[in-house]
2 protein chains.
Amino acid sequence: MEEDIILEYSTKSQYAVPYYEIPFERFFQFGFSVDCVVFGYHDSRLKVLLIRRGAKPYEGSWALPGDLVYPNEDIELAAKRILQDLTGVSNLYMEQTKVYGNVNRHPAGRVITAGYYALVDIEKHDPHAAGWAEGVYWVDINDIPRPLAFDHDNIFDEALAILQHSIRHKPVGFELLPEKFTLGELQKLYEALLNQEFDKANFRKKILAMNLLTELKEVQKQVKHRPAKLYSFDLNRYKELNSKGFSFEL
Amino acid sequence: MEEDIILEYSTKSQYAVPYYEIPFERFFQFGFSVDCVVFGYHDSRLKVLLIRRGAKPYEGSWALPGDLVYPNEDIELAAKRILQDLTGVSNLYMEQTKVYGNVNRHPAGRVITAGYYALVDIEKHDPHAAGWAEGVYWVDINDIPRPLAFDHDNIFDEALAILQHSIRHKPVGFELLPEKFTLGELQKLYEALLNQEFDKANFRKKILAMNLLTELKEVQKQVKHRPAKLYSFDLNRYKELNSKGFSFEL
DNA sequence: TTTTTTTTGGTACAAAATACAATAAGTAAA
DNA sequence: TTTACTTATTGTATTTTGTACCAAAAAAAA
């Protein structure tokens with residue numbers, strides 16, 4: 001092992017004490033929660049699940065669904081539990097966004113929260129699944145009733161930005177669509193999420209060139225024009241290509 | 001506001017209770033810490049700051065520098081405090097990576113930790129600044145003495161992956177270099193971080209085409225060949241371009 | 001059969017990425 | 001002073017990729 005430069009122990013900081021020398025009760029006073037930004041897509045519109053709070057603090061306010069983590073619960077599992085209660089689906093695509101830990105972000109005490117974003121095919125999950133408070137609603141992301149409770153405006157904004165970044169660099173868009181979809185539907189999804197138009201012919205070429213879609217033997221039904229072919233996303237092919245250095249781009 | 005689909009309140013989950021109805025002492029038992037992955041670059045090598053723990057748990061083990069967050073301390077500030085104690089520099093480039101919250105990740109209790117990565121110009125900071133435990137060392141990232149304490153192997157690996165991603169999409173590489181640098185030095189930095197070679201002429205063209213570097217009137221000194229021009233990174237120009245839709249790409 | 005709409009395949013051009021050759025500017029040794 | 005050597009810098013030719021746009025094909029409905 002190489003050890004080029006040694007920083008000597010010479011701190012004057014009041015904090016430079018090993019953990020174990022400080023009495024536990026002084027530090028183990030944090031609450032920890034998880035807040036979920038659940039995105040869904042329907043009818044060319046990106047939506048997010050919001051709840052209406054039925055209890056203090058912020059009674060009556062709109063908020064992101066979230067909950068305190070139990071002392072014996074992994075935070076990843078807490079996020080899954082919340083999503084399951086909310087949507088009835090247990091294996092959603094889900095990813096951490098950021099941690100929010102300002103001292104005064106929660107009026108009831110020191111609560112640090114981890115943001116998660118999740119992607120749902122709105123058609124697929126059970127709409128009668130569950131919820132907190134007075135109800136759970138799909139809200140168009142352009143019509144969010146601000147301000148949301150706590151620092152949820154901030155948590156939402158950053159989650160959306162992260163989603164918009166992810167969608168260009170990882171094949172996560174498919175999580176928002178049904179199993180079988182047309183290239184036109186995929187394009188509309190991208191246009192809705194990125195607020196940007198694409199050339200139809202070129203979008204199709206780019207996507208197909210990646211070789212991640214399986215062309216099905218089926219076509220659209222009940223449309224009053226030439227029906228489009230249906231495709232499905234091949235996750236295994238993606239994993240294989242990805243391990244060989246391929247990277248998904250827009 | 002649009003409210004397409006309403007999820008009715010019908011949960012059977014034992015957890016679906018508003019925060020304020022649950023006794024505080026049951027939930028406010030978490031400790032929260034910050035662990036820093038401090039990257040430095042020297043002599044074409046990427047290094048990371050590790051400490052050697054002088055106390056239990058994991059006494060004698062190598063670990064990432066980190067500390068518990070104080071109940072009245074913002075986590076962002078806690079990270080800054082640790083970096084300041086460690087390097088003597090107060091305004092390092094710093095960014096959150098992820099949160100780690102497995103139930104058993106810390107033997108002393110339920111401690112959730114936020115990972116941060118920071119970038120340092122090794123030449124610039126004061127090597128006698130501070131430290132915990134038995135000492136602080138710059139370690140080549142290819143020679144990390146595994147396993148590190150706690151889940152620090154994991155935290156480090158993910159921080160490195162995030163750095164490798166950031167360096168391609170954001171102009172953070174300059175944080176690892178001195179104020180004034182040559183294009184050759186910049187290229188070597190990229191090659192070291194990404195484990196990949198670049199064509200010298202094309203790398204230069206790509207970087208210069210972005211228009212983010214200021215060509216200085218100075219050249220390299222004390223080299224035994226034709227000295228290269230020195231450049232500096234123009235942060236303001238980047239901000240300006242960025243606000244106009246420009247995005248940095250490798 | 002015709003109209004309408006959307007899919008699908010193709011082409012022509014511009015821009016960017018890449019490979020590689022040539023020249024310039026310095027040091028160091030003969 | 002010359003020559004060899006090393007690295008910086010410029011230039012050019014080629015390939016690849018991105019973009020704009022056109023038109024045929026397919027299906028449904030009138």
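Order of the sequence lines fixes the chain letters, A, B, ..., with proteins taken first and strands second; residue numbering starts at 1 for each chain. Values below: every heavy atom of this structure, side chains too, minus hydrogens, waters and symmetry copies.
Ring centers of B:Phe181 and B:Phe174: under 6.0 Å apart, within the cut-off.
Rounded to an integer number of Å, the gap from A:Glu249 CD to D:dT17 P is 14 Å. The nearest whole Å value for the distance from the CD atom in A:Glu197 to the P atom in D:dG18 is 20 Å. As rounded to whole Å, 16 Å separates atom C1' of D:dA8 from atom CG of B:Leu216.
Both A:Asn202 and A:Pro227 lie near DNA chain D, and the one whose nearest nucleotide falls closer to the 5' end is A:Asn202. Nearest-nucleotide positions on DNA chain C for A:Asp199 and A:Lys224 put A:Lys224 closer to the 5' end. In this structure, A:His225 and A:Ala201 both approach DNA chain D, and ranking their closest nucleotides by distance from the 5' end singles out A:Ala201.
For A:Asp199 (side chain) and A:Asn202 (main-chain N/O), a donor-acceptor pair under 3.5 Å exists by modelled atom type.
In this structure, A:Val219 reaches neither bases nor backbone, as no heavy-atom distance under 4.0 Å exists between it and the strands shown. Using a 4.0 Å heavy-atom distance criterion, B:Ala209 is classed as making no nucleic acid contact. If you check every strand for non-hydrogen atoms under 4.0 Å, A:Lys205 touches a base.
Read 5' to 3', the first and last nucleotides of DNA chain C with an atom closer than 4.0 Å to a heavy atom of chain A are C:dT5 to C:dT11.
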For B:Val89 and B:Val120, run side-chain contact (heavy atoms from CB on, under 4.5 Å): C-alpha distance rounded to whole Å, both residues' side-chain angles, the deciding distance at 0.1 Å, then the answer.
CA-CA 9 Å; B:Val89 182; B:Val120 191; 5.6 Å; no
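Using modelled atom types and a 3.5 Å distance limit, the side chains of A:Glu240 and A:Tyr238 yield no donor-acceptor pair. Using modelled atom types and a 3.5 Å distance limit, the side chains of B:Glu76 and B:Tyr116 yield a donor-acceptor pair. Looking at B:Tyr100 and B:Glu158, their side chains do bring a donor and an acceptor atom within 3.5 Å of each other. For the residue pair B:Gln196 / B:Tyr190, no side-chain donor-acceptor distance below 3.5 Å is found, with atom types taken as modelled.
Within the 4.5 Å cutoff, side-chain heavy atoms of A:Ile207 are placed close to those of A:Leu213.
In the helix from C:dT1-D:dA30 to C:dA30-D:dT1, the terminal helix axes, each the rotation mapping four pairs' C1' atoms onto the next four within five end pairs, subtend 10°, rounded to 10°.
Comparing atom distances between the A:Arg226 side chain and each of D:dA26, D:dT7, D:dA20 picks out D:dA26 as nearest. Here the side chain of B:Arg204 is nearest to one of D:dA28, D:dA8, D:dT19, namely D:dA8.
Considering A:Leu163, A:Leu189, A:Asp140 as possible partners of A:Leu46, the one that fulfils the side chain to side chain contact (heavy atoms under 4.5 Å, CB included) test is A:Leu163.
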